[in-house]
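Some notes on the structure that comes next.
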There are 2 protein chains.
Amino acid sequence: MGIAERKERQRAELREQILAAARRIVTEEGFDALTMRKIADAIEYSAATIYLYFENREAIGLQLCHESFEHLVSYMAPAVQVADPLGRLLAIGRSYARFGIENPAEYRLLFMTHSSFLEALFAAEREHPDPDDPGERAFQFVVDAVRVAGASGKLATDDPELIAEMLWSGVHGVVSLAITCKAALVSSVEDLAETMCRTLVRGISASGDVTLGSRSTS
Amino acid sequence: MGIAERKERQRAELREQILAAARRIVTEEGFDALTMRKIADAIEYSAATIYLYFENREAIGLQLCHESFEHLVSYMAPAVQVADPLGRLLAIGRSYARFGIENPAEYRLLFMTHSSFLEALFAAEREHPDPDDPGERAFQFVVDAVRVAGASGKLATDDPELIAEMLWSGVHGVVSLAITCKAALVSSVEDLAETMCRTLVRGISASGDVTLGSRSTS
DNA sequence: CCCGATTCTGAACAGCGTTCAGAATCCTAT
DNA sequence: ATAGGATTCTGAACGCTGTTCAGAATCGGG
């Protein structure tokens, strides 16, 4: 009964084609420009067909988000190799910023979309907790790093989640502001991100002066 | 010849009605929900009439932005009364965050809209420089405060604009993240904003320990 | 009171997400 | 081989969007 397998495979393939077309459009023109009819043209099917594979436009965006979260994690993961607790936090911040700068469309989709996919993702996570969820992994990754730094007595404060969210917010601020309007900033995104990471790490460290690794330590 | 005056007054009044209706819709439902036909219903004119008073939907948003910038400045202005340079920076950060938290729709319109009114505002500012422009005033306000702190020798670094933009980015990160998805944050926006302001000021200050004013110093 | 200028509107255009009846295809069972 | 049910696909439509424009209505100076 290889027929059922083949049909399922074909179904999965078309689904993948839809996602590929959608991702291309989002990357090139942004999520607002993602149109069902545009996808339909790209895959050479009618627009109505897409609804046999995805509930609606939102569902396509959500799936793209899941994949982009994996992408983000792949940027941040290497930071665990940095042994020094504060250095690791610095490395995480830098890699997060680099992801946003190098993949603005994905970043916008993940963290800056009006309909807020993040909201939907976190709601889903709350209903069906899944430690393997990339979003959850990414956040826990930061919290853990803060915990390690706290345990080593190098932090001035002791609220891992608060500090993790502050670090996230700080770098997010740089990236999102740069994406929303580069014109409003005189400094380069790179300088801004680097300054932000260093300042935040310096601000949370127990001792005033911190030995900050070289900038290439991303 | 009071007729011309009256006509002009009536014209200005209708224009104001359009803006008032638009502001109400944006505040209650967000900019995406701002529809020409919705405004038309509210002011009891046809949708086409609006185009006699504004070039397009974007122009209405831009005008609302100008007014919201004034609103933002009114939040930050009192911070000049804080004499201590670092305390003033702290006060500015707090008041900026408070504006965003208390006026999320306005904040979103100013700094988080896809079409980026900020971009348009800065482009206009660049063509016709106007020191009285609220946006320009707001940014210069922060830069000046950083300069004062730098001149008093209380800063570790010496690049006023870079530092100003980093401070802006940091608080913007907190506010925008909270607006995009409160659900993703465990900490309260208020705690996050306060921690961010304190950490950033601590991070840029020359001496490690900073005497931070009480939280009510907004 | 006329007539040009101003002000306003209904209808239309092209585009959007989404739905649905029906056509087309495919696979199974006889 | 073929009948027929399930699956897959599509064209047309609905209601919505921003915007344009010809023409109607009003207004005010001469």
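Residue numbers start from 1 in every chain, and the chains themselves are labelled A, B, ... in the order their sequence lines are given, proteins ahead of strands. Given the structure is predicted, the values throughout are model-derived calculations rather than measurements.
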Nearest whole Å is fine: how far is [N] [atom2] from [X] [atom1]?
X	N	atom1	atom2	result
A:E5	C:dC27	CD	P	13 Å
B:M36	C:dT9	CE	C1'	15 Å
B:F54	D:dT19	CZ	P	13 Å
A:L52	C:dT18	CG	P	14 Å
B:R57	C:dG15	CZ	C1'	15 Å
A:D32	D:dT17	CG	P	17 Å
A:E58	C:dG17	CD	P	12 Å
B:Y45	C:dT9	OH	P	7 Å

In terms of side-chain heavy atoms of [X], which of [options] is nearest?
X	options	value
A:R11	D:dT8, C:dG17, D:dT19	D:dT8
A:L14	D:dC9, D:dT8, C:dT9	D:dC9
B:A48	C:dG10, C:dC27, C:dG17	C:dG10
A:R6	D:dT10, D:dC27, C:dC27	C:dC27

Do side-chain atoms of A:E136 reach the backbone of A:E125 as a donor and acceptor pair under 3.5 angstrom?
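Between the backbone of A:E125 and the side chain of A:E136 there is no qualifying donor-acceptor contact (under 3.5 Å).
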Counting the atoms with a prime plus P, OP1 and OP2 as sugar-phosphate, which does [X] contact under 4.0 Å by heavy atoms, base, sugar-phosphate, or nothing?
X	value
A:T49	base
A:Y53	sugar-phosphate
A:I39	nothing

Would you kindly compare B:K7 and B:T35 by the position of their nearest DNA chain D nucleotide and give the one closer to the 5′ end?
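Its nearest nucleotide being more 5', the pick is B:T35.
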In terms of the nearest nucleotide of DNA chain D, which residue is placed more toward the 5' end: B:E55 or B:K38?
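The residue whose closest nucleotide sits nearer the 5' end is B:K38.
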Heavy atoms, side chains only, cut-off 4.5 Å: are B:L72 and B:Y96 in contact?
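Yes. Closest side-chain heavy atoms under 4.5 Å.
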Near-ring test B:F117/B:F31, centroid separation under 6.0 angstrom
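Ring-ring flag for B:F31/B:F117: true, centres closer than 6.0 Å.
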Mind checking whether A:H172 and B:H172 have parallel, tilted or perpendicular rings, split at 30° and 60°?
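If you compare the ring of A:H172 with that of B:H172, the planes turn out parallel.
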Assess whether atom CD of A:E28 is packed by more than 12 heavy atoms of other residues, nucleotides or ligands within 6.0 Å.
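Yes.
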Does A:R37 make a side-chain donor-acceptor contact with the base of C:dG15, cut-off 3.5 Å?
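Answer is no: no donor-acceptor pair is held.
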